[in-house]
Amino acid sequence: MALRGHLFRLLRTQLSHTCQQSRAQSVAVLGAPFSRGQKRRGVEHGPKVIRDAGLIERLSALDYSVHDFGDLNLHHLEKDEPFMQVKFPRTVGAANKQLSGAVSRAVGAGHTLVMLGGDHSLAIGSVGGHAHQCPDLCLIWVDAHADVNTPITSPSGNLHGQPVAFMLKELQDKMPNIPGFSWMKPFLSSRDLVYIGLRDVDPGEHNILKNLGIQYFSMRDIDRLGIQRVMEVTLDHLLARKQRPIHLSFDIDAFDPSLAPATGTPVNGGLTYREGIYITEEIHNTGLLSVMDMVEVNPVLGASREAVEVTTSLAVDVIASSLGQTREGAHVPIHEIPSVKEDTEQLRL
């Protein structure tokens, strides 16, 4: 039987050094305004519009000490020629190196970190920096796309479709020496990764998923099994052997485009609101979430102001749910209800 909910709290073990600190009351928010992992401009505005949708206020209402570290100053190199069809490799590599250091410092300081993108190529630095502090982490990738192309299998050359390939140890011999990434070494085993929400997987990616035996749940699997069973299997797969930090990398295009229209690569037939929130609620219930990414919110691609607002509001809901907001309502804990007598005596005073 899968281990879930309160059982995780009972079985949770101490994590190594910086990962064993309790981050329950301290959340850091870090913006990474970056778009060169793909071709559509506008996604660099994601951190701003997510904050403008009330993120900091929402997290503060959950009784966290919230530290907004602002946005990284990520530079675009003027001369950055393609390498093997890979676009802007030096710019993407430099941005991720900078992000990796920032994430590592935040986790090392004891915060639960929320990284706001930006495109999904930023996961190279986000997950990599997390792994520097917590090498035994596991990764839950919620996305319409697998993002595990190598430079050789990628149809587009866009690095936001390749970040997982940089992480996986099993693909080390499939990855060329790409300019800008000499600092990056693979750190994740395929058994420590689960995908949820897939519905647009390239042929090369499908081959990788099958050959490496990566656990994944397509939208068909979610329809067939139900989201409750998907999360039971996901958490059992990642945590039954060992309780360890979770990195949640959430692409807003995992949702159906009717819910998240302001994004760059929408695919019909995505997660419902209830499925997406259930995923994050279950991850929160483990007590092991350490870092989460929210990426690919692109306000420029919203057909209307309303389309942008519903997308950014959804992003805030996902983040808040990951950090403990419940559908029963998020409230500051009240340990004792005052009696009528006490209340009456106070009124008399």
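When reading the values below, keep in mind they use all heavy atoms of this one structure, side chains included, and skip hydrogens, waters and symmetry mates. All values reported here derive from a predicted model rather than from experimental measurement.
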- Item | Residue pair Ser249, Asp293: steps toward the side chain to side chain donor-acceptor pair (under 3.5 Å) verdict | CA-CA 5 Å; Ser249 202; Asp293 312 321; 2.7 Å; yes

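- Judged by distance alone, with hydrogens and angles left aside, the side-chain atoms of Thr91 form a donor-acceptor pair with the main-chain N or O of Leu77 at under 3.5 Å.
- Proximity of a side-chain donor or acceptor of Gln38 to a complementary backbone N or O of Ser35 within less than 3.5 Å is detected.
- At distances below 3.5 Å, not a single donor-acceptor pair connects side-chain atoms of Asp71 with backbone N or O atoms of Pro33.
- Side-chain atoms of Gln98 do not come within 3.5 Å of backbone N or O of Ala95 as any donor-acceptor pair.
- Using a 4.0 Å cut-off between a side-chain N of Lys or Arg and a carboxylate O of Asp or Glu, Arg327 and Asp317 do not qualify as a salt bridge.
- Between the side chains of Glu296 and His160, at least one donor-acceptor pair of N or O atoms lies under 3.5 Å.
- Between the side chain of Glu306 and the main chain of Ser304, no donor-acceptor pair closer than 3.5 Å is present.
- Of the possible polar contacts, none joining the Gln133 side chain to the Gly129 backbone as a donor-acceptor pair under 3.5 Å is found.
- In plain terms, the two heavy atoms of Gly324 and Tyr64 that are nearest each other are N-OH, 4.4 Å.
- Looking at Lys87, its side chain does come within 3.5 Å of a backbone N or O of Ser156 through a donor-acceptor pair.
- Side-chain contact between Ser322 and Phe250: absent, with no pair of heavy atoms (C-beta onward) separated by less than 4.5 Å.
- Side-chain atoms of Asn96 come within 3.5 Å of backbone N or O of Val92 as a donor-acceptor pair.
- To the nearest 0.5 angstrom, Ile208 atom CD1 is 5.5 Å from Thr150 atom OG1.
- There is a path of hydrophobic side-chain contacts, each under 4.5 Å, that joins Met219 to Val230.
- Looking at heavy atoms from C-beta onward, Leu99 lies in side-chain contact with Leu72 at the 4.5 angstrom threshold.
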- Gln25/Ser65 under side chain to side chain donor-acceptor pair (under 3.5 Å): CA gap, chis, key distance, verdict: CA-CA 6 Å; Gln25 301 305 316; Ser65 174; over 6 Å; no

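- Counting heavy atoms from C-beta on, the side chains of Ile50 and Val297 come closer than 4.5 Å.
- Between Val295 and Met115, the shortest heavy-atom contact is CG1-CE, 4.1 Å.
- Checking His132 against Ser104 by side-chain atom types alone, a donor-acceptor pair falls below 3.5 Å.
- Distance alone, capped at 3.5 Å, is enough to place a donor-acceptor pair between the Arg199 side chain and the Gly197 backbone.
- Judged by distance alone, the side chains of Glu328 and Thr326 do bring a donor and an acceptor atom under 3.5 Å apart.
- The distance from atom SG of Cys138 to atom CD1 of Ile246, rounded to the nearest 0.5 Å, is 5.0 Å.
- Both Ile227 and Ile277 sit in one connected hydrophobic cluster of ILVMFWY residues. Membership requires side-chain heavy atoms under 4.5 Å apart, directly or through other members.
- Remark: His237 NE2 is packed, more than 12 non-hydrogen atoms of other residues, nucleotides or ligands lying under 6.0 Å away.
- The structure places CD of Gln162 at 8.0 Å from CD1 of Ile124, a figure rounded to the nearest 0.5 Å.
- A 4.5 Å side-chain heavy-atom check between Leu289 and His284 finds every atom pair outside the cut-off.
- Summarising the local packing, CZ of Arg241 is surrounded by more than 12 heavy atoms from other residues, nucleotides or ligands at distances under 6.0 Å.
- A side-chain donor from one of Asp143 and His120 sits under 3.5 Å from a side-chain acceptor of the other.
- Judged by distance alone, with hydrogens and angles left aside, the side-chain atoms of Ser218 form a donor-acceptor pair with the main-chain N or O of Asp221 at under 3.5 Å.
- From Asp136, atom CG reaches atom CZ of Arg244 across 7.0 Å, with rounding to the nearest 0.5 Å.
- The minimum heavy-atom distance linking Leu198 with Ala146 is given by the pair CD2-N, 3.6 Å.
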- Message: Ile152 vs Lys174, test: side-chain contact (heavy atoms from CB on, under 4.5 Å). Steps then yes/no.
- Response: CA-CA 8 Å; Ile152 297 170; Lys174 309 295 184 184; over 6 Å; no

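- His247 and Trp141 have their aromatic ring centers separated by at least 6.0 angstrom.
- Across all non-hydrogen atoms, the minimal contact from Pro89 to Leu159 is CA-CD1, 4.0 Å.
- In this structure, Arg90 pairs ionically with Asp80, as a charged nitrogen and a carboxylate oxygen lie closer than 4.0 Å.
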- Residues His111, Phe69; criterion ring pair (Phe, Tyr, Trp, His ring centres under 6.0 Å); working and verdict: CA-CA 11 Å; His111 302 294; Phe69 291 163; 5.6 Å; yes

- Decide side chain to side chain donor-acceptor pair (under 3.5 Å) for Asp253 and His145; before the verdict, give the C-alpha distance in whole Å, the side-chain angles of both, and the deciding distance to 0.1 Å. CA-CA 9 Å; Asp253 74 20; His145 311 89; 3.2 Å; yes

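- Contact annotation: the side chain of Leu116 approaches that of Arg51 to within less than 4.5 Å [non-hydrogen atoms, C-beta and beyond].
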- Query: How far apart are the C-alpha atoms of Ile222 and Ile196, what are their side-chain angles, what is the distance that settles it, and do they pass the side-chain contact (heavy atoms from CB on, under 4.5 Å) test?
  - Reply: CA-CA 8 Å; Ile222 293 172; Ile196 301 173; 3.9 Å; yes

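- For the residue pair His130/Ser290, the side-chain donor-acceptor check at 3.5 Å is satisfied.
- Ion pairing between Asp223 and Arg220 fails under the 4.0 Å rule for side-chain N and carboxylate O.
- Side-chain N/O atoms of Glu281 and Ser321 include no donor and acceptor closer than 3.5 Å.
- Salt-bridge formation is not detected for the pair Asp119/Arg36: no Lys NZ or Arg NE/NH1/NH2 atom is positioned less than 4.0 Å from an Asp or Glu carboxylate oxygen.
- Residue Leu259 is grouped with residue Tyr278 when hydrophobic side chains (ILVMFWY) are merged at heavy-atom distances under 4.5 angstrom, including chains of intermediate members.
- For an aromatic pair to be called close, the ring centres must be under 6.0 Å apart, and Phe166 with Phe181 satisfies this.
- Note: the hydrophobic cluster containing Leu212 also contains Phe187 (ILVMFWY, side chain heavy atoms under 4.5 Å, direct or indirect links).
- Atom CD of Glu57 has more than 12 neighbouring heavy atoms from other residues, nucleotides or ligands inside a 6.0 Å radius.
- In this structure the side chain of Leu139 reaches within 4.5 angstrom of the side chain of Met167, judged on heavy atoms.
- Each of Thr234, Val142, Ile140 was compared with Ile283 under the side-chain contact (heavy atoms from CB on, under 4.5 Å) criterion, and only Ile140 meets it.
- Under a hydrophobic clustering in which Ile, Leu, Val, Met, Phe, Trp and Tyr are joined whenever their side-chain heavy atoms come within less than 4.5 Å, directly or via other members, Val318 and Val43 fall into different clusters.
- The six-membered or imidazole ring of His76 lies near that of Phe34, with a centre-to-centre distance under 6.0 Å.
- The two residues Ala262 and Thr311 have their closest heavy-atom pair at N-OG1, 3.1 Å.
- Interatomic distance, CG of Leu235 versus CG of Leu239, reported as 5.5 Å (0.5 Å rounding).
- Scanning both residues, Leu288 and Gln243, for their nearest heavy atoms gives CD1-OE1, 3.8 Å.
- A donor and an acceptor atom, one from each side chain of Asn298 and Thr263, are nowhere located under 3.5 Å apart.
- Side-chain atoms of Val148 and Tyr195, non-hydrogen and from C-beta on, do get closer than 4.5 Å to each other.
- A 4.5 Å side-chain heavy-atom check between Thr153 and Asp202 finds every atom pair outside the cut-off.
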